[in-house]
Amino acid sequence: MSRTTLLECIGGTPLVALTRVARGLPVPVLAKCEHLNPAGSVKDRIALAIVEDAEARGALTAGQTIIEATAGNTGLGLALVAAQRGYRLVCVMPEKMSPDKRRALAAVGAEVVITPNAPLDDPGNFQNVARRMAAERGAFLADQFANPANPLVHERTTGPEIMAQVGGPIGAFVAGAGTGGTLTGVGRCLRAHGSHAQVVLADPVGSGLAHWVATGEPGPDAPYLVEGIGSSRAPANLDRRVLDAAECVSDADSFAMTRRLWAEEGLTVGGSSGTAVVAALRVAARAPDGPVVVVLPDAWDRYASRDWAQAVPDAPIDRRAV
Ligand code: PMP
């Protein structure tokens, strides 16, 4: 199939078996390679869907500015769509996110505003700052945390792709939640098709979401280093009704698994992929009724400056070999 614009290259990502890190488990573990989207993450899907929905509603018009609160990936997806469609882009990011993502966003022409790492009820929180700036500037707020176009595109594209690629019953679907769009959308798709797959949240230790899945009340939160997933409070786009369980994964386990994915599988992914795969291996070990599908949300290039990505020492020049 010939694709003529980069926007047509969004989605349709491969589903590959983790042949090494999942060796010996009772069911296959299959990874949905969202890091292979054109702007490098699962967020390309929602960037295009949110813009197209807003254009159709007349909420976004030619030459307008798009503002978004982002961990970085939605910003990079929106930058791709904005470049192709002629919009300006402002990205509001918490301080915690990697300098690599900030630099990439600035390089692709976005205005980047950094906020302190403040909780959601603080006016300085990145989501509150983005909302205020959009109102002040008369700009369009993409609002990925509450915009229904986010889970809907996963229900209409990511979910059906996975069902077709597996081609039979799915034992479990495992993903992290930043906005919840991926889990909610794929979860709704599976439920709508009568799948008995367990839908499992992979949550960083320190996030309050796993406790909320179990009890309906957010758990205590604490700082953690994995980027893009977990929260002190459940976002509107995370639908608790489609979730069966949660697995908590430490930073150390997430980053160790990410490096194994690089070295043993050739999957050049970011830290939240490690979190999701650790959770998926635990679920697979419990022998569900079919393969476990896990989402790899983004690519490693956006974490190159992080300490956890420095485990491989720089190779010295071997003068004797010259
Ligand atoms: N991993 C990373 C690195 C992300 O940036 C995000 C989105 N913030 C996710 C996972 C989670 O995706 P979702 O927003 O669909 O829950």
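Values in this document were obtained by computation on a predicted structure and should not be read as measured data. The first residue in the sequence is number 1, and the count goes up from there.
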**Q.** Chi angles and distances behind the side-chain contact (heavy atoms from CB on, under 4.5 Å) call for Y303, T258
**A.** CA-CA 11 Å; Y303 306 99; T258 306; over 6 Å; no
Q: Assess whether side-chain hydrogen bond (donor to acceptor under 3.5 Å, both in side chains) is satisfied between R137 and T65, documenting all intermediate values.
A: CA-CA 9 Å; R137 296 193 189 187; T65 297; over 6 Å; no
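- Donor-acceptor pairing under 3.5 Å is recorded for the side chains of N37 and E34.
- Atom CE of M257 is separated from atom CG of L18 by 8.5 Å, given to the nearest 0.5 angstrom.
- Contact detail for A142 and L78: the closest heavy-atom pair is CB-CD1, 4.2 Å.
- For the atom pair CG (N73) and NE2 (H35), the distance works out to 12.5 Å, reported to the nearest 0.5 Å.
- Linking ILVMFWY residues whenever their side-chain heavy atoms come closer than 4.5 Å, directly or via other members, places V29 and V249 in the same cluster.
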(Q) Run the side-chain contact (heavy atoms from CB on, under 4.5 Å) test on I170 and H193 for me, step by step, so that the C-alpha distance in whole Å, both residues' side-chain angles and the decisive distance to 0.1 Å come before the verdict. (A) CA-CA 11 Å; I170 297 172; H193 288 85; over 6 Å; no
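- Note on L201 and V186: same hydrophobic cluster, where clusters join Ile, Leu, Val, Met, Phe, Trp and Tyr whose side-chain heavy atoms are under 4.5 Å apart, directly or indirectly.
- Heavy atoms from other residues, nucleotides or ligands lying under 6.0 Å from CZ of R306 number more than 12.
- The hydrophobic clustering, which links ILVMFWY residues whose side-chain heavy atoms are closer than 4.5 Å, places I114 and V92 apart.
- In this structure, the side chain of Q64 does not engage the main chain of A139 through any donor-acceptor pair within 3.5 Å.
- A donor-acceptor distance shorter than 3.5 angstrom exists from the side chain of R259 to the backbone of W308, with no hydrogens or angles considered.
- Between R132 and P123, some side-chain heavy-atom pair lies under the 4.5 Å cut-off.
- Atoms CD1 and OH, from I229 and Y224 in turn, are 7.0 Å apart once rounded to the nearest 0.5 Å.
- Between the side chain of T70 and the backbone N or O of C91, no donor-acceptor pair lies under 3.5 Å.
- E247 places no side-chain N or O within 3.5 Å of a backbone atom of V283 that could act as its donor or acceptor partner.
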Q: Starting from the C-alpha separation in whole Å, work towards a yes-or-no answer on side-chain contact (heavy atoms from CB on, under 4.5 Å) for L296 and V277.
A: CA-CA 8 Å; L296 308 182; V277 170; 3.7 Å; yes
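- With contacts defined as side-chain heavy-atom distances shorter than 4.5 Å, the pair L183/V242 does not qualify.
- A distance-only check finds no donor-acceptor pair linking the side chain of H154 to the backbone of G159 [under 3.5 Å].
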Q.
Could you go through V27 and L25, starting from their C-alpha distance and side-chain angles, then the distance that decides it, and tell me whether this counts as side-chain contact (heavy atoms from CB on, under 4.5 Å)?
A. CA-CA 6 Å; V27 293; L25 289 170; 5.7 Å; no
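- A distance-only check finds a donor-acceptor pair linking the side chain of D251 to the backbone of V226 [under 3.5 Å].
- Here the NE2-CG distance, from H196 to D289, works out to 9.0 Å after rounding to the nearest 0.5 Å.
- Enclosure of atom CZ in R241 is not indicated, since only 12 or fewer non-hydrogen atoms of other residues, nucleotides or ligands lie within 6.0 angstrom.
- In this structure, E161 CD and M163 CE are separated by 12.5 Å, a value rounded to the nearest 0.5 Å.
- Within a 6.0 Å sphere centred on CZ of R131, heavy atoms belonging to other residues, nucleotides or ligands number 12 at most.
- No side-chain donor-acceptor contact under 3.5 Å links N237 to the backbone of T179.
- Taking every heavy atom of both residues into account, S207 and L209 meet most closely at OG-N, 3.1 Å.
- A 4.5 Å side-chain heavy-atom check between Y87 and V51 finds at least one atom pair inside the cut-off.
- Counting heavy atoms from C-beta outward, L80 and P38 have side chains that approach closer than 4.5 Å.
- A continuous path of hydrophobic side-chain contacts links I66 to L7 [ILVMFWY only; heavy atoms under 4.5 Å].
- With hydrogens and angles ignored, the 3.5 Å screen pairs a side-chain donor or acceptor of N128 with a backbone N or O of L120.
- The side-chain heavy atoms of F140 and I50, taken from C-beta on, include a pair separated by under 4.5 Å.
- Heavy atoms of other residues, nucleotides or ligands lying less than 6.0 angstrom from CZ of R286 number more than 12.
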Q: Test salt bridge (Lys or Arg N to Asp or Glu O under 4.0 Å) on E227 and R302 and set out the steps.
A: CA-CA 10 Å; E227 296 176 38; R302 43 214 67 184; over 6 Å; no
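- Rounded to the nearest 0.5 angstrom, D253 CG and R282 CZ are separated by 7.0 Å.
- With hydrogens and angles disregarded, a donor-acceptor distance shorter than 3.5 Å links the side chain of R191 to the backbone of A197.
- Without hydrogens or angle criteria, K101 side chain to A71 main chain gives a donor-acceptor distance under 3.5 Å.
- No donor-acceptor contact under 3.5 angstrom links the side chains of T74 and E68, judged on distance only.
- Side-chain heavy atoms closer than 4.5 Å link hydrophobic residues (I, L, V, M, F, W, Y) into clusters, and following such links, possibly through other members, connects V294 to V21.
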